Amino acid sequence: MKFSESYQELIAKPLIITIIMETEYTNNKKYRQAKKRVKELKGFYWHFAIYILVNSFITLNIVIRNYYNGESLMEAIWSFDTFSVWIFWGIGIFFHGMNVFGYPLLLGKNWEEQKIKKMMEEDERQVRKYK
């Protein structure tokens, strides 16, 4: 009787350890993914804040310069110079936002993970080939 109990314990312990390790790995992977997502969001928000601050400063300088160079206030405000930086940098902000908020246009959201997985599988096939 004693032998069967210890045998069951011997079999159960590695199984329990494996389950715990898999759970820790899954939790760790989820944590890393969440941390990566937060980092992407933080990067976008900083990019957007700098976009607003810098473009406001540039726009104010352009309007003041144009106004003191003899243009009326309406002409100074509505010139292409005033809006060009907003427009062109805004295109970059748009694509950055598309990528961060789930509408990737070029490589896709999981492209890097899929590529790594594919390369690891290929390496594993190579190793098995020479065993």
Side-chain angles (χ1 to χ4, degrees):
M1 196 72 152
K2 192 79 161 161
F3 175 74
S4 66
E5 289 177 3
S6 62
Y7 179 72
Q8 288 175 350
E9 288 177 12
L10 287 173
I11 291 180
K13 282 184 181 180
L15 182 61
I16 291 170
I17 292 172
T18 303
I19 291 170
I20 291 170
M21 289 175 66
E22 286 178 2
T23 304
E24 286 178 10
Y25 174 75
T26 304
N27 289 342
N28 193 19
K29 185 177 179 183
K30 288 179 183 178
Y31 174 77
R32 285 185 307 208
Q33 288 174 337
K35 190 172 182 176
K36 181 182 176 188
R37 178 85 173 116
V38 168
K39 186 177 180 180
E40 289 173 353
L41 285 168
K42 185 178 177 182
F44 174 76
Y45 292 140
W46 273 109
H47 188 185
F48 189 72
I50 290 169
Y51 166 78
I52 297 295
L53 290 171
V54 170
N55 282 319
S56 296
F57 179 75
I58 290 172
T59 300
L60 186 63
N61 282 325
I62 290 172
V63 168
I64 290 170
R65 183 197 65 204
N66 288 349
Y67 184 73
Y68 281 109
N69 284 339
E71 293 183 8
S72 70
L73 187 58
M74 290 308 285
E75 290 172 336
I77 291 173
W78 292 107
S79 72
F80 180 73
D81 294 349
T82 307
F83 296 106
S84 62
V85 177
W86 287 93
I87 292 168
F88 295 118
W89 194 351
I91 292 169
I93 287 283
F94 172 77
F95 284 109
H96 189 176
M98 292 290 283
N99 190 37
V100 169
F101 292 108
Y103 303 101
L105 301 175
L106 296 175
L107 298 177
K109 196 70 173 163
N110 297 323
W111 178 84
E112 188 175 340
E113 266 184 47
Q114 291 171 354
K115 226 26 170 172
I116 290 170
K117 186 176 179 181
K118 183 179 176 184
M119 288 180 172
M120 288 174 65
E121 288 171 356
E122 190 175 305
D123 288 345
E124 191 174 318
R125 268 188 259 131
Q126 290 293 329
V127 168
R128 275 192 253 129
K129 182 178 174 181
Y130 292 110
K131 278 188 174 181

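Note that these values count all heavy atoms, side chains included, but never hydrogens, waters or copies made by symmetry. The model shown is predicted, which means the values in this text are computed figures rather than measured ones.
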Please step through side chain to side chain contact (heavy atoms under 4.5 Å, CB included) for the pair W86 and I91, ending with a clear verdict. CA-CA 9 Å; W86 287 93; I91 292 169; over 6 Å; no
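Here the CG-CG distance, from N66 to L73, works out to 10.5 Å after rounding to the nearest 0.5 Å. In this structure, CG in N55 is found 9.0 Å from CD1 in I62, a value given to the nearest 0.5 Å. The CZ atom of F83 lies 8.0 Å from the CD1 atom of I77; values are rounded to the nearest 0.5 Å. Within the model, atoms CZ of F88 and CD1 of I93 stand 15.0 Å from one another, a figure rounded to the nearest 0.5 Å.
Under the 4.5 Å side-chain heavy-atom criterion for ILVMFWY residues, a single connected hydrophobic cluster contains both V63 and W78. There is no path of hydrophobic side-chain contacts, each under 4.5 Å, that joins Y31 to I116. Following chains of ILVMFWY side-chain contacts shorter than 4.5 Å, one can reach V85 starting from I52, so the two form part of one hydrophobic cluster.
Looking at T82, its side chain does come within 3.5 Å of a backbone N or O of A76 through a donor-acceptor pair. No donor-acceptor pair under 3.5 Å is formed between the side chain of R125 and the backbone N or O of M120.
Side-chain contact between F95 and V100 is absent, with no heavy-atom pair separated by less than 4.5 Å. A heavy-atom distance below 4.5 Å is not found between the side chains of R32 and K35.
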Show me the side-chain donor-acceptor pairs of residues 41-50 shorter than 3.5 Å, one per line, residues at least two apart or across chains.
from, atom 1, to, atom 2, distance (Å)
H47, ND1, H96, ND1, 2.7
H47, NE2, W89, NE1, 3.1

